[in-house]
J.: 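Quick one: the structure is below, questions incoming.
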Amino acid sequence: MPELPEVETVRRHLAERIEGDVIRDVEVRLPRIVRRPALNLFAERLKEQGIRRVGRRGKYLLFQLDQVLLVSHLRMEGRYAVANPSEPELPHTHVVFRLASGRELRYADVRQFGTMDAVLKGEPLPKGLAELGPEPFDPALDGAALHERWRGRRAPIKSMLLDQRQIAGLGNIYVDEALFAAGIHPLTPAGAVGAEELDGLLREIRDVLARAIREGGSSVRSFRDGYGRHGGFQIQLAVYGRAGQPCPRCGGAIQKIKVAGRGTHVCPACQPISVAAPMGTGVNA
DNA sequence: CATGGGTCCTGAGTGC
DNA sequence: TGCACTCAGGACCCAT
């Protein structure tokens with residue numbers, strides 16, 4: 001559930017608190033969180049590494065250490081906390097980094113979906129990170145570029161927006177919100193959306209992400225920042241989680257459908273499926 | 001290659 | 001009240 005705004009919120013919090021500290025020791029209690037390298041090497045690599053910078057790319061947190069890049073993905077419910085050893089741990093704490101300052105960086109994850117990779121310079125990046133598409137705020141990204149890239153693609157535009165190789169950082173919530181704001185139906189074939197319309201969509205993507213970052217993210221299920229605080233953006237969500245409630249634009253009922261296997265929120269009146277579909281199969285009314 | 005569906009995992013929600 | 005069941009979904013894997 002953490003998408004770009006939530007990961008950015010976590011990044012800012014951690015950067016403030018642990019940049020300049022040093023990892024003394026690592027305790028991994030749930031091996032499945034660590035993907036590479038092997039468990040014993042993972043802790044070994046991180047020992048005595050200084051934390052230079054906490055960065056972000058898409059939904060990945062990037063801990064830039066002295067000689068190692070620690071790549072962390074929160075997936076659904078991963079959470080970090082910086083705490084003193086005497087403070088109680090969150091339930092489901094799976095990895096603990098003991099820091100030179102005496103504090104601990106703790107990783108908790110109810111769903112156990114999150115991952116960590118400790119990568120040395122010269123080693124290949126984790127696949128998902130290596131193949132990541134442009135950041136949504138990349139100025140080189142525009143409607144014309146997307147239109148060209150998606151030419152002939154019949155997959156629903158929602159699938160494309162969720163595909164991290166196309167654009168980095170979007171997830172189920174902000175895709176639904178951006179498509180609603182742009183007036184595009186999630187099932188519209190990606191290749192059928194014009195360049196100008198894609199410019200409008202990009203504008204809405206950037207707008208919704210920027211507003212969500214400003215609010216510290218959305219807490220729809222379980223998201224908390226490093227202090228355990230909720231984000232505040234969920235109250236501004238126009239369609240996500242509002243099935244059956246009135247559309248803020250036209251007042252009609254918001255529908256919930258399934259797209260790409262994901263719960264999808266749409267206002268059928270404000271988000272018509274583009275008629276500029278290929279070849280005259282069925283035309284819609 | 002493009003596309004869609006299954007999988008991991010646990011807690012919250014639902015219905016009887 | 002208690003219990004069985006379904007759902008939630010990011011990235012990855014696999015079949016078509």
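Order of the sequence lines fixes the chain letters, A, B, ..., with proteins taken first and strands second; residue numbering starts at 1 for each chain.
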J.: A:L30 CG to B:dC8 P: how many Å, rounded?
T.: 15 Å
J.: Measure the distance from OH on A:Y174 to P on C:dG10 and round it to the nearest whole Å.
T.: 12 Å
J.: When you measure from the side chain of A:A155, which nucleotide among B:dT3, C:dG9, C:dA11 comes out closest?
T.: B:dT3
J.: Under 4.0 Å between a side-chain N or O of A:H92 and OP1 or OP2 of B:dT10?
T.: no
J.: Need to verify one output field. Residue with the more 5' nearest nucleotide on DNA chain B, A:Q112 or A:M160?
T.: A:M160
J.: Between A:E87 and A:R106 (salt bridge meaning N to carboxylate O under 4.0 Å), is one present in this structure?
T.: no
J.: Looking at the side chain of A:R32, which of C:dG10, C:dG9, B:dC9 is the nearest nucleotide?
T.: B:dC9
J.: Just how far, in rounded Å, is C1' of C:dG10 from CG of A:D117?
T.: 15 Å
J.: Mind listing the N/O atom pairs, protein and nucleotides 12-16 of chain C, below 3.5 Å?
T.:
{"from": "C:dC12", "atom 1": "OP1", "to": "A:R35", "atom 2": "NH1", "distance (Å)": "3.4"}

J.: To the nearest angstrom, how far is A:D163 atom CG from C:dA11 atom P?
T.: 10 Å
J.: For the helix from B:dA2-C:dT16 to B:dC16-C:dG2, what angle separates the axis at the start from the axis at the finish, each from five pairs, in steps of 10°?
T.: 50°
J.: Please report the distance, rounded to the nearest Å, between CG in A:L90 and P in B:dG11.
T.: 14 Å
J.: Check A:E19 with A:R52, please: is the shortest side-chain N to carboxylate O separation under 4.0 Å?
T.: no
J.: Take the protein atom CZ of A:F113 and the nucleotide atom C1' of B:dC8, then report the distance between them rounded to whole Å.
T.: 4 Å
J.: Which pair of non-hydrogen atoms, one from A:L74 and one from A:R79, has the smallest distance, and what is that distance?
T.: CD2-N, 4.3 Å
J.: Looking for any heavy atom pair under 4.0 Å, which part of the strands does A:P91 touch: base, sugar-phosphate only, or nothing?
T.: nothing
J.: Is any NZ, NE, NH1 or NH2 atom of the basic residue among A:D199 and A:R203 found under 4.0 Å from an Asp or Glu carboxylate oxygen of the other?
T.: no
J.: Atom CD of A:E3 to atom P of C:dG10: distance rounded to whole Å?
T.: 6 Å
J.: Measure from CE on A:M76 to C1' on B:dG11 and round the result to the nearest Å.
T.: 12 Å
J.: With sequence neighbours left out, what residues match A:Y107 under ring-ring contact (aromatic ring centres under 6.0 Å, His included)?
T.: A:Y80
J.: Between A:H94 and A:D109, do the side chains contain a donor N or O and an acceptor N or O under 3.5 Å apart?
T.: no
